[in-house]
Number of protein chains: 2
Amino acid sequence: MRYRRSDVIGRTIDLLEEVGLEGLSMRRLAGDLGVRPSALYHHVASKQELLGAVADEVLARGRRSTEVLGWRDELRLTCLELRDTMLRHRDGAALIALARAEGVGGEDPLQRMASVLAFNGADPELARVGASTLFHFVFGHVADRQARGLSSTEVPDESADFATGLGIVLRGLESRLAQHA
Amino acid sequence: MRYRRSDVIGRTIDLLEEVGLEGLSMRRLAGDLGVRPSALYHHVASKQELLGAVADEVLARGRRSTEVLGWRDELRLTCLELRDTMLRHRDGAALIALARAEGVGGEDPLQRMASVLAFNGADPELARVGASTLFHFVFGHVADRQARGLSSTEVPDESADFATGLGIVLRGLESRLAQHA
DNA sequence: ACCTGAACACCGTTCAAGT
DNA sequence: ACCTGAACACCGTTCAAGT
């Protein structure tokens, strides 16, 4: 069998579901593809670079079409989308953290949220920090959840807690936007 | 040389500073202590358990005396303390995430923040979720920062961004507390 | 272009045996 | 109680060589 880079990335996403980030090794991945470990280095520079590309792909798959709503709903939707994307994959939050170490992941939702804030009366500084604050809340929430119990099954109270927490941050942003208006 | 468990934990904290979480291996730690790798298993059950104990120790060292302030300043101080604790050690946020997977870390600041909220008119639900929201923001902020650039040197703008983000979350909480008052 | 074979310098962990 | 010695089943990565 002969593979392309996208095959390797795709198979890594599937393997991640089976064995998690900790169990994911280049040798295991190679075995899965029916290939020697060294062959992988024809497609990716290193394991780190591969995981960066995997995170990018995961983020791209989670991307939904932009809808035009009030700033509040638009930010809420972006955060829910980001949470869903991370939750959809085993160790999804840790994966995206790894990608950010690589300088490659998560810029897109951050940019979108900053734009929404800027279009709604936030000065550039508040837009940037507000978007970061939302991102950090979402990331922290999912990372903590996945670090602990079952990663895949949905705990219902958990979604309610997320919605409440998100509401708190949005309420704080509303107050700051009002000051600048 | 003969060691006790606390020696192993202490040396691990120092080694973490030198080589980071990625470079920290049981074999490297054993070599550092001048002992065979297998000797470590007399003191700890596994690497995972060791890292949990290390995170606990780090959290305990970062603990400051409780001051009696308004709820806002008390929460702010707890979050700043938590951030400082995580920032003080290389890969501190990731370390604490690992400990939480072990079910062992971070319960203390979470409890304190929930208590402060409960004493100030939050119902038990809001106290719990409010404390989690603050914790997730702090954790997400530091984890993201450490995953990227230089972990030890303080970037000044970074602290300002943290303070602003924290202010946004606290403002949202104030609004929720007012509703319940 | 994509792969194999073989090697290098590592891992965490177990377990019998020593003192 | 704390340690050594030896082993097991792994890692990521490189590099010459094959097709």
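Every heavy atom of this structure was used, including side-chain atoms; hydrogens, water molecules and symmetry mates were not.
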CA sep, side-chain torsions, deciding dist, call: E125(A), R176(A), salt bridge (charged side-chain N to carboxylate O under 4.0 Å, His left out)
CA-CA 12 Å; E125(A) 191 68 1; R176(A) 285 290 196 285; over 6 Å; no
Find the distance K47(B):NZ to dC11(D):C1' and express it as a whole number of Å.
12 Å
Nearest-Å distance once atom C1' is located in both dC8(D) and dC11(C):
12 Å
From C-beta outward on S46(B), which listed nucleotide comes closest to its side chain: dC11(D), dT13(C), dC11(C)?
dT13(C)
Rounded to whole angstroms, how far apart are CG on L50(A) and C1' on dT13(D)?
14 Å
Watson-Crick or G-U counterpart of dG18(C), or none if no pair lies under 3.5 Å
dC2(D)
Determine, step by step, whether R28(B) and D32(B) satisfy the salt bridge (charged side-chain N to carboxylate O under 4.0 Å, His left out) criterion, reporting the C-alpha distance in whole Å, the side-chain angles of both residues, the deciding distance to 0.1 Å, and the verdict.
CA-CA 6 Å; R28(B) 172 79 205 259; D32(B) 247 53; 3.6 Å; yes
For dG12(C), the Watson-Crick or wobble partner whose two distances fall under 3.5 Å
dC8(D)
For atom CG of L29(A) and atom P of dG12(D), their distance in whole Å
9 Å
Mutual orientation of the aromatic rings belonging to F139(B) and F139(A) [parallel < 30°, tilted 30-60°, perpendicular > 60°]
parallel
Could you pull out all residues at least two apart from S6(A) that satisfy side chain to side chain contact (heavy atoms under 4.5 Å, CB included)?
R4(A)
Heavy-atom closest pair, residues V19(B) and L24(B)
CG2-N, 3.7 Å
Has the side chain of E158(B) got a donor or acceptor atom that lies under 3.5 Å from a matching backbone atom of R145(B)?
no
Residue mapping more 5' on DNA chain C - nearest nucleotide basis, A45(B) or R28(B)
R28(B)
For L59(A), which of D108(A), V54(A), I96(A), V104(A) qualifies under side chain to side chain contact (heavy atoms under 4.5 Å, CB included)?
I96(A)
In whole angstrom, give the distance that lies between atom CD of E22(B) and atom P of dG12(D).
11 Å
What's the CG-C1' distance between L24(A) and dC10(D), to the nearest Å?
15 Å
Treating primed atoms plus P, OP1 and OP2 as sugar-phosphate and everything else as base, which nucleotides of nucleotides 3-8 of chain D get B, S or - for protein heavy atoms under 4.0 Å?
SBB-B-
Rounding to the closest angstrom, what is the interatomic distance between dC3(C) and dA16(D) at atom C1'?
13 Å
